[in-house]
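Here is the structure we will look at.
The first residue of the sequence shown is numbered 1, and numbering continues consecutively from there. Order of listing sets the numbers, starting from 1, for every ligand and every atom in it. Just so you know, these numbers use all the heavy atoms, side chains as well, and skip hydrogens, waters and symmetry mates.
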Amino acid sequence: MIILAIETSCDETSVAIIKGNGGLKNPSFEILSNVVLSQIKIHKKWGGVVPNLAKREHQLNLIPILKKSLNKAKLLSAKIKNKSSKLQPKTEKTLRKILEREPELLEQFLNFIPTIKPPKIDAIAVTNGPGLEPALWVGINFARALSLVWNKPVVAVNHMEGHIVASLLAKQKVIEFPALALLVSGGHTELVLIKKWGDYKIIGETRDDAAGECFDKTARMLELPYPGGPQVAKQAENFKKYPLTFRMGGWTRREMEREAFNIKLPRPMIDSKDFDFSFSGLKTATLYMLQDMKERHVNVGDFTPMICNEIQQAIIDVLVSKTIKAIKQHNAKSIILGGGVSANKELRTQMKKAVKELTSTALYLPPSKLTTDNAAMIGTAGYLHAVNKDFTKPEKLVAEGNLEL
Ligand code: KG4
Ligand code: ZN
């Protein structure tokens, strides 16, 4: 089965083509193409994602990205004769209605889609939530438009399910159930119990900020650019990597560790009996710590690598500890990591070590490149639904910003 997938839930525009085999029992995948265009440069100057800017960028970029994706997957046919490269008037009328809120996309659609043969795909998968609604709608309306013209069924995919199944793209052995997924992204931090594909139960989640959000907000306090996660990780890596006598700013690492200036942050809810998380307290503690340093005339800039290391370690400690507890309580046979924060190398290393030493559970990590938002993971989840003929009527598709698993 070949799935064309579309992802526009946040600030990445992506179209992928995925070949799925083996059904629900033994699913395996081949990525025929996965084109991702990040809008980070555009949102950076605002310090975060601006929904209407994201919507506009998705609109402008979907057709070029689709073209690239079809081309890479060798599914882009030679142009058909000009005479036939027009839609039926009735189809065109419906299409204009579907894309009436995306005029730039409509124009590019009409100039391109009728000129190519419908590609050999079996279904179209699209993210319908959670995410930014204006951004989600662009992908949804694009999927509806393609479904109309190519006469293909549509699968609605929950973005978080995409992050769960991204690990299936790592070409590992079959994931055994019950499995547990730790999803850590910019908007979510959840532990999900999985009895089988499609059967998800959230057993713990953040009560306030997500782990990624905590990385992003504390990075901002340290005047590091958006998105903060990779920046904090880079600073922390430098801190760990340099020898004790290496000078960072005005200090050697040894001097820094000796002085420390109370660079110690809490591990919120690490001992709570449930599987919930809370990261807003960590953010506030960081703020107070920085204020305190400034009051003592400490140059915070000199200590950025050390502070980043502490922020990262506080987040990792909580994530690892709760995950291990959940694995034991639910006798999970597999543990899956997913979401943008699972790109964090230290988290991957420390989780691997803890899972190996403390449990007999198999750990599945998504390929690093597929941890942040992409359509390949949406196509993967789409396949798991399509094999069950779990399609949604195109006219029934809606964007749900707060869609739950
Ligand atoms: O899954 P994702 O791409 O988008 C959402 O669905 O939210 O996750 C984005 C989040 C951001 O908060 C970003 O700072 C974080 O993932 N992130 C990281 C790293 N790479 C991305 N956090 C920590 N370490 C990283 N290496
Ligand atoms: Zn995501």
Side-chain angles (χ1 to χ4, degrees), residues 5-14 16 34 36-40 43-44 47-49 51 54 127-133 135-136 139 157-167 181-190 192 205-206 209-222 224-238 240 279 282-283 308-320 336-351 365-378 380-381 401-403 405:
I6 302 159
E7 156 65 38
T8 64
S9 70
C10 193
D11 59 346
E12 262 93 25
T13 318
S14 181
N34 179 38
V36 184
L37 183 76
S38 164
Q39 305 173 359
I40 282 179
H43 299 286
K44 214 170 195 163
V49 182
T127 309
N128 69 328
L132 306 167
E133 287 189 3
L136 287 162
V157 172
N158 182 308
H159 181 83
M160 299 316 288
E161 185 180 18
H163 279 305
I164 295 178
V165 300
S167 282
L182 172 70
L183 300 181
V184 272
S185 70
H188 292 80
T189 303
E190 334 180 297
V192 185
E205 62 192 324
T206 183
D209 292 357
E213 198 175 352
C214 184
F215 270 112
D216 296 338
K217 288 182 176 165
T218 51
R220 203 169 170 175
M221 291 175 198
L222 292 163
L224 298 170
Y226 177 86
Q231 300 286 333
V232 171
K234 200 162 83 186
Q235 295 273 343
E237 194 180 338
N238 283 345
K240 276 197 171 32
F279 289 106
L282 186 53
K283 177 184 71 186
C308 287
N309 186 53
E310 177 64 10
I311 294 169
Q312 178 177 271
Q313 196 55 51
I315 296 174
I316 293 176
D317 282 348
V318 178
L319 294 176
V320 171
I336 305 166
L337 241 58
V341 180
S342 68
N344 188 283
K345 280 194 210 143
E346 250 336 279
L347 173 64
R348 292 166 87 99
T349 309
Q350 294 187 31
M351 187 68 83
L365 296 170
S368 290
K369 271 196 195 147
L370 300 176
T371 52
T372 46
D373 295 348
N374 64 83
M377 67 184 197
I378 303 303
T380 305
N402 296 318
L403 184 66
L405 262 176

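Remark: H163 NE2 to I378 CD1 distance equals 7.5 Å, nearest 0.5 Å. Taken to the nearest 0.5 Å, the CG atom of L224 stands 12.0 Å off from the CZ atom of F215.
The 12-atom threshold is not exceeded at NZ of K345, counting heavy atoms of other residues, nucleotides or ligands nearer than 6.0 Å.
Using a distance-only test at 3.5 Å, with no hydrogens or angles considered, a donor-acceptor pair links the side chain of T8 to the main chain of A135. E190 contributes no side-chain N or O that, together with a main-chain N or O of L183, makes up a donor-acceptor pair within less than 3.5 Å.
Protein residues are said to neighbour a ligand when one of their heavy atoms lies under 4.0 Å from it; for ligand 1 these are H159, H163, S185, G186, G187, G212, F215, D216, P227, G229, P230, G339, G340, V341, A343, N344, T372, D373.
Remark: the Q313 side chain and the Q350 side chain contain an N/O donor-acceptor pair separated by less than 3.5 Å.
Checking T127, T13, N374, N34 one by one against E7, the side chain to side chain donor-acceptor pair (under 3.5 Å) holds for a single residue, T127. The only member of D209, D216, T218 that meets side chain to side chain donor-acceptor pair (under 3.5 Å) when paired with K283 is D209.
Excluding waters, the set of protein N, O or S atoms lying under 2.8 Å from the Zn ion (ligand 2) comprises H159 NE2, H163 NE2, D373 OD1.
Looking at S368 and R348, their side chains come closer than 4.5 Å, going by heavy atoms from C-beta outward.
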